[in-house]
Amino acid sequence: MNISTAYSSGRLTAFFSGELDQHEARGAMRSLEDLLDAYLPRDLVLDLSGLNFMDSSGIALIIRVSRRVKEMGGRMWIENPAKQPRRVIDASGIDRLIPVATNSIS
Amino acid sequence: MNAKNYIKLEFPSKSSNEAFARTAAAAFAAQLDPTLEEIGDIKTAVSEAVTNCIVHAYPETVGKVRMRLRILDGDVLEIAVQDWGRGIADIRKAREPLFTTGGEERSGMGFTIMESFMDKLRVRSTPGKGTTVTMLRSILSREKTR
Ligand SMILES: Nc1ncnc2c1ncn2[C@@H]1O[C@H](COP(=O)(O)OP(=O)(O)O)[C@@H](O)[C@H]1O
Ligand SMILES: [Mg+2]
């Protein structure tokens with residue numbers, strides 16, 4: 001999987017693409033930690049519109065990152081999950097902890 | 001039950017095989033003409049079961065994982081994933097949402113996701129001997145739902 005970013009006025013958006021499973025999760029976590037350290041954003045947005053596949057390893061990663069962002073005093077949410085990640089998010093119930101937004105623009 | 005078709009795959013418990021296993025399962029299931037959502041569900045369930053072998057069954061070693069897929073009467077896909085690893089002492093506890101022995105890299109939602117994406121989930125395990133997870137999912141072919 002790959003993570004690209006956009007930053008503007010305190011908000012860092014991380015665009016996930018490819019597939020997020022246990023094999024990919026450790027590297028993804030390291031990338032996100034590096035990005036948080038580099039940008040010190042107020043808000044972190046995980047844009048999952050380009051993510052083709054995610055399993056419960058992705059759920060663990062999202063929970064870990066959101067904990068990290070909270071420790072920094074920031075907010076985190078998920079945007080535009082593709083269909084398969086959306087079903088995994090719904091089945092896991094993390095949408096009760098982490099907001100999931102769907103924008104019409106993307 | 002009679003199997004109309006089947007495959008068996010055996011591979012070492014390396015995390016790079018997770019993507020291969022779910023892709024192979026999706027390719028085999030394609031003969032049932034599944035919807036995109038059904039393909040996604042199959043890939044997810046296989047990824048969960050195979051990841052558990054890699055992470056939990058053989059935490060410190062590389063061991064053997066076997067995946068068997070069968071097509072049963074009535075367009076039912078059966079997925080069986082077997083390991084010869086550590087095994088599970090308390091299966092009921094292991095299947096509870098959020099239960100994990102894997103630390104912060106795991107969510108404890110694997111069995112919950114397998115259960116919600118498949119019609120049936122059976123777990124057989126003997127501590128020290130290994131685990132077999134068997135799942136059933138009936139596929140409504142796109143032709144029939146059209
Ligand atoms: N194949 C297996 N071999 C040994 N233990 C397993 C296996 N599969 C699952 N488990 C146990 O069941 C627990 C729950 O599994 P699961 O719901 O997939 O959550 P997670 O993988 O996130 O821990 C695991 O933490 C582990 O203790
Ligand atoms: Mg698991």
Side-chain angles (χ1 to χ4, degrees), chain A residues 1-2 16-33 36 46 48-72 76 78 80-98 100 102, chain B residues 11-23 25-26 34-59 65 81 94-118 121 137:
Chain A
M1 73 162 288
N2 191 48
F16 286 31
S17 59
E19 307 204 338
L20 175 51
D21 59 10
Q22 186 261 336
H23 182 66
E24 300 284 346
R26 204 167 283 177
M29 186 67 206
R30 213 171 299 128
S31 307
L32 288 164
E33 281 174 339
L36 289 176
L46 303 183
L48 305 188
S49 57
L51 192 64
N52 299 319
F53 178 85
M54 181 181 98
D55 63 18
S56 72
S57 308
I59 298 296
L61 174 114
I62 291 168
I63 293 169
R64 275 179 86 186
V65 178
S66 90
R67 215 172 272 150
R68 181 57 74 89
V69 171
K70 263 195 202 122
E71 282 165 14
M72 295 167 64
M76 191 195 97
I78 295 165
N80 306 321
K83 280 202 174 120
Q84 187 276 343
R86 174 88 228 197
R87 274 175 72 73
V88 172
I89 288 166
D90 290 348
S92 75
I94 53 158
D95 45 332
R96 278 172 300 185
L97 297 168
I98 297 155
V100 181
T102 309
Chain B
F11 50 90
S13 60
K14 296 181 183 219
S15 64
S16 55
N17 284 327
E18 291 159 6
F20 173 76
R22 62 179 178 261
T23 306
T35 62
L36 273 180
E37 183 170 291
E38 287 168 334
I39 292 172
D41 289 358
I42 292 162
K43 286 174 100 173
T44 312
V46 166
S47 201
E48 295 298 345
V50 167
T51 298
N52 280 353
C53 301
I54 292 164
V55 175
H56 303 299
Y58 306 110
V65 179
V81 176
R95 290 177 65 155
E96 280 172 12
L98 301 174
F99 177 85
T100 183
T101 55
E104 63 172 1
E105 288 186 2
R106 311 302 315 153
S107 63
M109 294 306 292
F111 279 132
T112 304
I113 287 168
M114 288 183 249
E115 238 164 64
S116 78
F117 284 18
M118 298 286 109
L121 169 73
R137 170 71 190 257

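Within every chain, numbering begins at 1; the chains are lettered A, B, ... in the order of the sequence lines, protein sequences first and strands thereafter. Excluded from the calculations below are hydrogen atoms, water molecules and symmetry mates; all remaining heavy atoms, backbone and side chain alike, are included.
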Holding to side-chain contact (heavy atoms from CB on, under 4.5 Å), I want the full list of residues that pass it with B/Ser116, two or more places apart in sequence or in another chain. A/Ala91
Would you call B/Glu37-A/Lys83 a salt bridge at under 4.0 Å N-O? no
Chain B contact via A/Arg64 - side chain, backbone, both or neither, heavy atoms under 4.5 Å: side chain
Smallest separation among heavy atoms of B/Arg106 and A/Ser57, with atom names: NH1-OG, 3.1 Å
Hey, does A/Gln84 have a side-chain heavy atom less than 4.5 Å from the side chain of B/Lys43? no
Structural part of B/Asn17 lying under 4.5 Å from a heavy atom of chain A: neither
Spacing of CG belonging to A/Asp55 relative to CE belonging to B/Met114, to within rounding of 0.5 Å: 9.5 Å
More than 12 foreign heavy atoms under 6.0 Å from CZ of A/Arg68: is that the case here? no
Below 4.5 Å from any heavy atom of chain A, which atoms of B/Thr44 appear? Answer side chain, backbone, both or neither. both
Which heavy atom of A/Ala60 sits nearest to which heavy atom of B/Ser107, and what is that distance? CB-N, 3.7 Å
Taking side chain as everything from C-beta outward and backbone as N, CA, C, O, which of these in B/Ile54 sits under 4.5 Å from a heavy atom of chain A? Side chain, backbone, both or neither. side chain
Start with the C-alpha distance between B/Glu104 and A/Met29, add both sets of side-chain angles, then the distance that settles side chain to side chain contact (heavy atoms under 4.5 Å, CB included), and finish with yes or no. CA-CA 11 Å; B/Glu104 63 172 1; A/Met29 186 67 206; over 6 Å; no
Shortest non-hydrogen contact between A/His23 and B/Glu18, atoms and distance: N-OE1, 3.0 Å
Stepwise, does the side chain to side chain contact (heavy atoms under 4.5 Å, CB included) test hold for A/Val88 with B/Ile113? CA-CA 7 Å; A/Val88 172; B/Ile113 287 168; 3.8 Å; yes
If you compare all heavy atoms of A/Asp21 against all heavy atoms of B/Ala19, which two are closest, and at what distance to 0.1 Å? OD2-N, 4.1 Å
Pick whichever of B/Ser16, B/Gly40, B/Pro97 has the most heavy-atom pairs under 4.5 Å with chain A. B/Ser16
Who wins among B/Thr112, B/Leu98, B/Thr100, B/Asp41 for the most heavy-atom pairs under 4.5 Å with chain A? B/Asp41
Residue, of A/Arg26, A/Met54, A/Arg67, that accumulates the most heavy atom pairs under 4.5 Å with chain B: A/Arg26
